[in-house]
2 protein chains.
Amino acid sequence: MLSKKTKYAFHALTYLAESQDKGAVLIQEIASSKNISHKFLENILLELKKAGILGSKKGKGGGYYLIKKPEEITLAKVIRLLNGPIAWLPCVSLNYYEKCADCADEATCNMHLIMCQVRDQTLAVVENKTLSDLITKATDKQVLKY
Amino acid sequence: MLSKKTKYAFHALTYLAESQDKGAVLIQEIASSKNISHKFLENILLELKKAGILGSKKGKGGGYYLIKKPEEITLAKVIRLLNGPIAWLPCVSLNYYEKCADCADEATCNMHLIMCQVRDQTLAVVENKTLSDLITKATDKQVLKY
DNA sequence: GCAATACCCTACTTAGTTTGTAGGTTTTAT
DNA sequence: ATAAAACCTACAAACTAAGTAGGGTATTGC
């Protein structure tokens, strides 16, 4: 299951994507609009900034804004950042790999092979979907849900 | 990520599948063979029993045994039982469905649709793989790993 | 300049889940 | 009867997620 942190991140990102023409957006504006604790959201936006997804401007008139195009921000990147590994086992994780303690040979381990399949099937979706697939079209207004 | 409980369940099930001809197997035998705390494993086996996967025999000479053929026990069933929902969001879960608070219409929610895809891709694997895909062939001995 | 603004940073608290432990009860074979 | 083994309830410890607190620091508008 995706953590609240991850969901909040997607909420904030979609909000920012829809406000791209307005320049920097206040944390407070996103927080109250999406019903997220201001301080909690602050941490999330900071993480997204450190990951190179968001930029920020300090001082009066400051705020956060996207520094990438929505179609360049994959769901996989956001999920890995806020939620952690996508794989079900450390030994099949591409970004958080850890060797199995009780396994001699990954090439012949049945569980390993099956979990690789699960990972690849999942990645086939989330590596190819981006923020642009989440944002609502102006002409086709709808509520984002998750 | 799969919990230890889930991994332990798979370890125990593979052990039992490989011991099918020997009748009831002691908790202690599985626990020490797979390096699992006896008492913790006890709870897991009990859950598997209540789910109709295992049978048991009390008293002297008792133990646990499979009451289904390995090829009838899907990974999905075990994962749902010990690990919880397979879906990434409650609103796309087939077995643990919950409505989203902040969503009016699932049919038009972009996130909902994408998460359905992830779920279906995952299920395509784990609903079609069974315990028989995990057990080692007698002629092709290998170590199970996860 | 300077005060207001708003991001930045560290640490802490609270709540919930996972993992594991303890001890007793019931059932069965011998 | 007795020993063996599953069954059951409750609790404890460890870990993680979620949220809070308070100040520090850079920038901007006036």
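Here is how names work: the chains are called A, B, and so on, in the same order as the sequence lines, proteins then strands, and each is numbered from 1.
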5' priority, DNA chain D, between B:G63 and A:L2 [closest heavy atom]: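 The residue whose closest nucleotide sits nearer the 5' end is B:G63.
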
Closest-nucleotide ordering on DNA chain C, the 5'-leading residue of A:G59 and A:N43: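 Closer to the 5' end of DNA chain C: A:G59.
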
Neighbours of DNA chain C within residues 26-33 of chain A, by heavy-atom distance under 4.0 Å: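 Contacting residues: A:L26, A:I27.
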
Given [options], identify the nucleotide with an atom nearest to the side chain of [X].
| X | options | answer |
| --- | --- | --- |
| B:S56 | D:dA6, C:dT21, D:dT28 | D:dA6 |
| B:L46 | C:dC9, D:dT28, D:dC8 | D:dC8 |
| B:F40 | D:dT20, D:dT27, C:dT21 | C:dT21 |
| A:S3 | D:dT20, D:dA18, D:dT28 | D:dA18 |
| B:Y8 | D:dC7, C:dG20, D:dT28 | C:dG20 |

Rounded to the nearest Å, what distance is computed from the [atom1] atom of residue [X] to the [atom2] atom of nucleotide [N]?
| X | N | atom1 | atom2 | answer |
| --- | --- | --- | --- | --- |
| A:L45 | D:dG19 | CG | P | 15 Å |
| B:K57 | D:dC7 | NZ | C1' | 16 Å |
| A:K58 | C:dA4 | NZ | P | 19 Å |
| B:K60 | D:dA1 | NZ | P | 16 Å |
| A:Y96 | D:dT16 | OH | P | 14 Å |
| B:E47 | D:dT9 | CD | P | 13 Å |
| B:I44 | C:dT19 | CD1 | C1' | 9 Å |
| A:Y64 | D:dT27 | OH | C1' | 14 Å |

Quick one: do [X] and [Y] make a salt bridge, cutoff under 4.0 Å?
| X | Y | result |
| --- | --- | --- |
| B:K50 | B:E47 | no |
| B:K129 | B:E71 | no |
| B:E29 | B:K34 | no |

Shortest non-hydrogen contact from A:L113 toward A:A107: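 Shortest heavy-atom separation between A:L113 and A:A107 comes out as CD1-O, 3.9 Å.
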
Where A:S33 and A:Y15 come nearest, the two heavy atoms and their spacing: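 It is OG-CE1, 3.2 Å.
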
B:K49 side-chain N/O to D:dC7 phosphate OP1/OP2 under 4.0 Å: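 Affirmative; the distance criterion is met.
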
Phosphate contact (D:dG19 OP1 or OP2) by A:K4 side-chain N/O below 4.0 Å: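 Result: yes.
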
Sugar-phosphate, base or nothing in reach of A:K39, heavy atoms under 4.0 Å: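 Base, at least one base atom sits under 4.0 Å.
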
Side chain proximity check, B:L66 to B:L13, heavy atoms < 4.5 angstrom: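 They are in side-chain contact.
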
Close side-chain approach of A:P70 and A:Q20, heavy atoms under 4.5 Å: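 A side-chain contact exists here, since the closest heavy-atom pair is under 4.5 Å.
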
Donor-acceptor contact below 3.5 Å, side chain B:R80 vs main chain B:I86: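 No, B:R80 side chain to B:I86 backbone: no donor-acceptor pair under 3.5 Å.
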
No-H, no-angle donor-acceptor pair, A:E42 side chain to C:dC7 base, under 3.5 Å: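 Looking at the base of C:dC7, it does not pair with any donor or acceptor on the side chain of A:E42 (distance under 3.5 Å).
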
